[in-house]
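To keep things clear, I will list the structure first and then write my remarks on it.
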There are 2 protein chains.
Amino acid sequence: MSTALSAIERFSRYQSDDAQSVEPVHCPVRDVLDCIGDKWSILMIMTLATRPHRFSELRRAIRDISKRMLTQTLRDLERDGLITRHVFPTKPPSVEYRLAPLGQTLLEPMANLIDWADRRYSEIHAARASYDGAPGDVPR
Amino acid sequence: MSTALSAIERFSRYQSDDAQSVEPVHCPVRDVLDCIGDKWSILMIMTLATRPHRFSELRRAIRDISKRMLTQTLRDLERDGLITRHVFPTKPPSVEYRLAPLGQTLLEPMANLIDWADRRYSEIHAARASYDGAPGDVPR
DNA sequence: CGGAATCCTGACAGATACTG
DNA sequence: CAGTATCTGTCAGGATTCCG
């Protein structure tokens with residue numbers, strides 16, 4: 001618990017009560033959420049982290065994503081410059097997606113987050129079970 | 001670009017094609033998304049990072065959150081053990097929310113992510129503008 | 001003040017069918 | 001193979017009202 005917490009200090013400035021400037025101010029938290037805050041983006045980026053994937057490979061890798069959402073998520077990530085799309089004009093068309101340089105820079109902070117989830121998983125679910133088990137404390 | 005990328009290696013095991021075990025396997029990415037993947041959780045945690053807040057303080061700090069979503073997000077975070085809720089039985093009731101120890105551990109990885117957003121913000125929006133400006137390249 | 005309950009709407013996302 | 005198009009249901013989430 002030490003480094004990079006400067007982000008919090010910077011963030012807190014967006015929140016100061018005297019900064020009620022009806023906000024044209026721009027909040028970085030919103031940005032990161034707009035990019036990877038949806039259901040599939042993180043999954044997608046993690047999958048592409050190891051190697052490039054074709055469209056159908058991604059479907060198999062993620063499995064419970066629909067063709068529609070796969071396409072849409074890929075488009076959004078491409079739009080934000082996080083991944084790139086390469087079309088090979090073979091007989092049955094073939095498309096390869098890979099992490100763009102910008103996307104690579106996202107790997108480390110994201111891996112830290114996954115790491116946290118890995119380590120704290122049990123605590124979270126313990127808390128959840130406890131909360132669900134005793135909502136105010138069950139009488140009988 | 002070096003440390004903690006082990007999370008990616010671990011993650012990739014969930015994705016290996018031979019692991020088509022119809023998955024009772026548990027994916028940590030889903031967990032972290034279930035906890036803080038929604039629209040308000042990260043905002044909330046960042047706000048509580050600096051100091052405890054009362055219900056109405058949180059409303060002012062986040063501003064465009066509805067009372068409903070504020071309550072719901074707070075309940076979810078409390079349920080997961082990330083924040084704690086303290087009721088003071090004053091005349092008009094007063095409730096204070098603060099980051100639980102478990103929530104504190106989330107601060108550093110999350111701050112890293114915010115930091116990334118801060119630094120890469122311009123690149124992302126440049127990519128976005130470029131993509132929107134030339135969707136295949138406009139003929140006229 | 002800090003919620004809970006109810007109603008209501010639109011954006012999201014699944015299923016299906018078609019195309020280059 | 002890698003999408004697009006349409007249609008439809010679901011449900012997140014805003015507005016409003018009531019309560020302790």
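As the structure is a computational prediction, the values presented were derived from the model and not from experiment. All chains are named by letter (A, B, ...) in the order of the sequence lines, taking the proteins before the strands, and each is independently numbered beginning at 1.
- Contact check, B/Arg54 against C/dG2: a side-chain N or O comes under 4.0 Å of OP1 or OP2.
- A close approach under 4.0 Å does not occur between any side-chain nitrogen or oxygen of B/Thr90 and OP1 or OP2 of C/dC1.
- A/Leu70 places its CG atom 16 Å from the C1' atom of C/dA15, with the value rounded to the nearest Å.
- You'll find the side chain of A/Met44 reaches within 4.5 Å of the side chain of A/Ile65, heavy atoms only.
- Put simply, the side chain of B/Thr73 gets close to the backbone of B/Met69: a donor and an acceptor are under 3.5 Å apart.
- Using a 4.5 Å heavy-atom threshold, the side chains of B/Tyr97 and B/Thr84 count as separate.
- C/dA15 atom P lies 10 Å from atom CZ of A/Arg59, rounded to whole Å.
- Rounded to whole Å, the distance from NE2 on B/His86 to P on C/dG3 is 13 Å.
- At the phosphate of C/dA13, neither OP1 nor OP2 sits under 4.0 Å from any side-chain N or O atom of A/Ser66.
- Remark: B/Arg59 does not engage B/Glu57 in a salt bridge, criterion side-chain N to carboxylate O under 4.0 Å.
- Across all strands shown, A/Lys67 has heavy atoms under 4.0 Å from base atoms, whether or not it also approaches the sugar-phosphate.
- A salt bridge links B/Arg119 with B/Asp115: the closest approach of a Lys/Arg side-chain nitrogen to an acidic carboxylate oxygen falls below 4.0 angstrom.
- The footprint of chain B on DNA chain D, defined by a heavy-atom cutoff below 4.0 Å, extends from D/dG13 to D/dG20.
- Nearest-nucleotide mapping onto DNA chain C: of A/Trp40 and A/Pro93, the residue sitting toward the 5' end is A/Trp40.
- In this structure, the side chains of A/Thr47 and A/Ile62 come closer than 4.5 Å at one or more pairs of heavy atoms.
- Summarising the geometry, the separation between NZ on B/Lys39 and P on C/dC12 is reported as 10 Å, rounded to the nearest angstrom.
- Computed from coordinates, the A/Ile62 CD1 to C/dG14 P distance equals 12 Å when rounded to whole Å.
- A straight line from CG of A/Asp38 to P of C/dA11 spans 17 Å, rounded to a whole angstrom.
- With rounding to whole Å, B/Phe88 atom CZ is found 12 Å from C/dG3 atom P.
- Under 4.0 angstrom from either OP1 or OP2 of C/dA4 there lies at least one side-chain N or O belonging to B/Arg75.
- There is a side-chain donor-acceptor pair under 3.5 Å between B/Asp38 and B/Ser41.
- Note: CZ (B/Arg68) to P (C/dT9) measures 15 Å, nearest angstrom.
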